[in-house]
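Beneath this line is the structure, given in structure tokens, with notes to follow.
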Amino acid sequence: MSFSQNMPLFRALKCNIHLPRIPFHLYNRNYCQSGTGESFVPFDMLVSQRRNEARRSLLVEVAGLPSAADLHQVCSQYGTVRKMFHYTTRHSNVNKEMILVEFSEAESLAKALQSTRSPPTDRIIPVHSPFVWLSASRTTSPSSKTANARSSTDIVQETVPTDEELRLQLFQSGDVSEQIQKSYECQKLTELGSRLRFFTCRQVEVALSGLFPQASVLPFGSSVNSFGRFNCDLDMILELFDVGSQDSSQRLVFQAKKSRSAANPRITMQRHMEVISDVLDNFVPGCSQVRKILAARVPIIKYRQDLTDMECDLSMANRSGFYMSEMLYLYGSMDKRVRPLIFALRRWAKDRHITSPYAGRWVTNFSLTLLILFYLMRTSPPVIPPLQTLIKLAGADDIRTTESINCTFLRDLKILTASDNKQSLEDLLRGFFEFYDKFDFKERGLSIVKGDDFTKPEHNALYIQNPLERELNVSRNVTLEELERLRTEITHARYRLEEDVEQSKEEQRQQGWGLLSLWGASQQPQVQRGLNASIDWQEVFHIQEQGTLPTSNKQWNASPAGTATKSSEKVLNNGEKARNNTKFQPVERTKMLKEELIMPSDLNGLVTKLKRNVVQKGANGKKNKKQKMNKVLYKW
């Protein structure tokens, strides 16, 4: 049976963005309404719905979209097909056509898997999982039973705009508020993306179900907190069993092996994760590039799921991260402006190299999100309430505790009162830059628990209190250089938006305006983050290009530029001897220092420390200037 004969039975639905022209602060402001106008769905209910969808779903690799009709006929033998989603994975220059099939009943999936066969080869390890592929039909005509099972189920194809298409939409927008809204609609996690993430979690559950039938794998982070982009990574937490759900009055108890390292739970967890990583690497279809990172504060297994096309991080005993995601989900549901504003600012931080997809000393998306939420608590009137308000309104059903961490706060937003703040998205965006352009990061820390700032208890460059583990600083990794980068970019963005107001419409159209002007790549991308990082050493030491040096020969033993001295010869010929020689030109000293710094880690904090030591020397410190400068240089 050809696909052309069955084309009327199927339609490939492409999901496009249609945005209303209503200023979006004028929508019905009610906390029980989501950002798309749908009724608010509690986080637990949302997770439960998605997990049930995953339990009824089958992922099938096909030859192409024309195979959809054939696949539908095959699946209809086992039950009613509810939905079908088509997408293409692109990895290692190999494209695979995939269709996610959702049955109406979980029993239909069980029947389908019972009838599924293993590949006819000895080199393949047979695995029973909801990841299958559709083989070619051996019959030329369908049976009458199959023909009667035909259905008009639509094949959904979700399209995500490219960066060029997104920029074109933003360029054609009426104002900045509309730009922010379009940016959110085009970049947010799609329906298929959310389904595939829960389906990937389900795969791990099935793989471990023999020994751990009660095992659960829950997504957390960007995949469920409503701030995830369409291509965000998948963070998962694995729980092998739920002790709280068991009936302690039952007299029959499972036999079990005692852990060899019961006295050290961390070692026990690491050993368990080693075994699980081997299972993923050797038996689970689609899992590749499996890496064990067990020495981290939270041990994780990193791997790529090629069939669902996503990067995965699997951890154990990290339930607090799940509740943190729930808290962010609630804040994103309180007001229609929260999610679009966070999406726009995250994209700005990414393009300006404030944040990075790699772990390091820079601001993370989580820290940036808390900065935005804190600002929205400080507007007049506040857009969202502080966390302590949710804690005070929590009821008996909202009590949550994990790993000695109290995660109790209000879960049902219907009892909250909507905000009276009527600012547009553009006003809130400008207000964010103005607020943090004046904020005293040096002395003050931030907390969304009370919605207030406080004197920093530690001398970290940036202090943002962890909302759940409140003795921790979530931005402890941020260095002074990266904080200065953030402040500089905030100031730049603030004045760039002010320039848009002064420019005519024609000038804005020609140069790019609104978000497009903010999203432009930084003039010095990845500065201080790679091997090619550069430093203006002349500016660091306040030395003119012509070689003008301090007048005191006693202090520096200086000579005119271009004149060779004995000390310079020592620098060029024998760097070790030059280290012990305090009488040579600073230009030569910096040249030697620059040549010896190879790795980017050697550059961390160097500029700031050198500048600070130079600037702090006043008239009374001229005598010690040489000694202090040498001390800093020799240290590096």
Side-chain angles (χ1 to χ4, degrees), residues 163 166-167 170 176 179-180 183-184 187 221-222 225 227-229 231-233 328 338-376 428-442 444-446 448 460-464 473-499 512 514-530 532-535 600-601 603-608:
D163 271 357
L166 174 59
R167 289 180 180 275
L170 299 186
V176 177
Q179 283 186 332
I180 298 174
S183 170
Y184 165 65
Q187 296 183 91
S222 297
N225 64 16
F227 301 135
R229 298 180 75 248
N231 59 351
C232 64
D233 295 345
L328 295 179
V338 176
R339 291 169 184 165
L341 183 64
I342 288 179
F343 267 76
L345 287 170
R346 278 189 172 187
R347 175 62 184 268
W348 161 76
K350 174 179 176 291
D351 279 10
R352 302 301 297 183
H353 305 292
I354 297 170
T355 57
S356 172
Y358 307 104
R361 62 186 184 277
W362 29 83
V363 178
T364 63
N365 274 331
F366 179 57
S367 296
L368 180 62
T369 301
L370 293 184
L371 286 174
I372 301 170
L373 294 180
F374 179 80
Y375 156 69
L376 294 176
L428 292 176
L429 180 67
R430 294 179 184 275
F432 172 84
F433 294 123
E434 293 173 2
F435 177 81
Y436 283 111
D437 193 29
K438 302 175 181 178
F439 190 83
D440 183 11
F441 288 101
K442 182 178 180 181
R444 310 297 290 177
L446 308 93
I448 70 168
N460 298 113
L462 179 62
Y463 196 100
I464 304 175
N473 174 17
V474 300
S475 57
R476 188 176 182 179
N477 62 301
V478 179
T479 61
L480 185 60
E481 292 83 2
E482 294 302 323
L483 177 60
E484 289 300 320
R485 171 189 292 277
L486 171 64
R487 297 181 64 181
T488 300
E489 293 294 347
I490 285 175
T491 303
H492 172 77
R494 176 184 177 184
Y495 287 108
R496 187 66 189 86
L497 290 175
E498 291 180 359
E499 289 177 3
L515 291 186
L516 294 177
S517 64
L518 297 183
W519 285 359
S522 176
Q523 295 299 322
Q524 295 180 343
Q526 301 298 338
V527 67
Q528 299 182 17
R529 298 189 185 184
N532 296 325
S534 61
I535 295 177
S601 58
L603 300 176
N604 297 353
L606 178 58
V607 175
T608 300

If only atom types and distance count, is the side chain of [X] paired as donor or acceptor with the main-chain N or O of [Y] below 3.5 Å?
| X | Y | value |
| --- | --- | --- |
| Asn473 | Leu462 | yes |
| Thr369 | Asn365 | yes |
| Ser475 | Ile464 | yes |

Between [atom1] of [X] and [atom2] of [Y], what distance do you get to the nearest 0.5 Å?
| X | Y | atom1 | atom2 | answer |
| --- | --- | --- | --- | --- |
| Arg167 | Gln179 | CZ | CD | 11.0 Å |
| Leu371 | Phe366 | CG | CZ | 10.5 Å |
| Ile372 | Ile342 | CD1 | CD1 | 5.0 Å |
| Leu518 | Phe433 | CG | CZ | 5.0 Å |
| Glu489 | Ile354 | CD | CD1 | 5.0 Å |
| Ile490 | His492 | CD1 | NE2 | 12.5 Å |

#### Entry: Under the ring-ring contact (aromatic ring centres under 6.0 Å, His included) test, residues paired with Tyr463 that sit two or more places apart
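Testing Tyr463 for ring-ring contact (aromatic ring centres under 6.0 Å, His included), a comparison that skips the adjacent residues, returns Phe454.
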### Message
Phe441: which residues meet the ring-ring contact (aromatic ring centres under 6.0 Å, His included) condition with it, sequence neighbours left out?
### Response
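Counting only residues at least two positions away or on another chain, Phe441 forms a ring-ring contact (aromatic ring centres under 6.0 Å, His included) with Tyr436, Phe439.
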### Query
Heavy-atom distance under 4.5 Å between the side chains of Leu515 and Leu429, does that happen here?
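In contact.
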### Task
Please examine the side chains of Leu486 and Trp362, heavy atoms only from C-beta on, and report whether any two atoms are closer than 4.5 Å.
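A side-chain contact is absent here, since even the closest heavy-atom pair is not under 4.5 Å.
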Salt bridge (charged side-chain N to carboxylate O under 4.0 Å, His left out) partners for [X], two or more places apart:
| X | result |
| --- | --- |
| Asp440 | none |
| Arg430 | Glu426 |
| Arg476 | none |

### Query
For Ser222, what residues pass the side chain to side chain contact (heavy atoms under 4.5 Å, CB included) criterion, not counting sequence neighbours?
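Ser222 satisfies side chain to side chain contact (heavy atoms under 4.5 Å, CB included) with Asn225, Cys232, Arg346 once adjacent residues are dropped.
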### Query
In chain order, what residues pass the side chain to side chain contact (heavy atoms under 4.5 Å, CB included) check against Tyr495, with sequence neighbours excluded?
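Tyr495: side chain to side chain contact (heavy atoms under 4.5 Å, CB included) contacts with Thr491, Glu498.
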#### Entry: side-chain hydrogen bond (donor to acceptor under 3.5 Å, both in side chains) involving Arg229 - partner list, sequence neighbours excluded
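Only Gln187, Asn231 meet the side-chain hydrogen bond (donor to acceptor under 3.5 Å, both in side chains) criterion with Arg229.
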### Task
Output all residues satisfying side-chain hydrogen bond (donor to acceptor under 3.5 Å, both in side chains) with Arg487, sequence neighbours left out; order by chain, then residue number.
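For Arg487, no residue satisfies side-chain hydrogen bond (donor to acceptor under 3.5 Å, both in side chains) once neighbours in sequence are set aside.
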### Query
Do NZ/NE/NH1/NH2 and the carboxylate oxygens of Asp163 and Lys350 come within less than 4.0 Å?
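No salt bridge links Asp163 with Lys350.
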### Query
Which word best sums up how the rings of Phe374 and Phe435 line up, parallel for under 30°, tilted for 30 to 60°, or perpendicular for over 60°?
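Geometry flag for Phe435 against Phe374: tilted rings.
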Nearest heavy-atom pair of [X] and [Y]: which atoms, and what distance?
| X | Y | answer |
| --- | --- | --- |
| Ser183 | Leu166 | CA-CD1, 4.2 Å |
| Phe343 | Gly228 | CZ-O, 3.4 Å |
| Arg361 | Glu482 | O-CG, 3.3 Å |
| Ile180 | Pro340 | CG2-O, 3.4 Å |

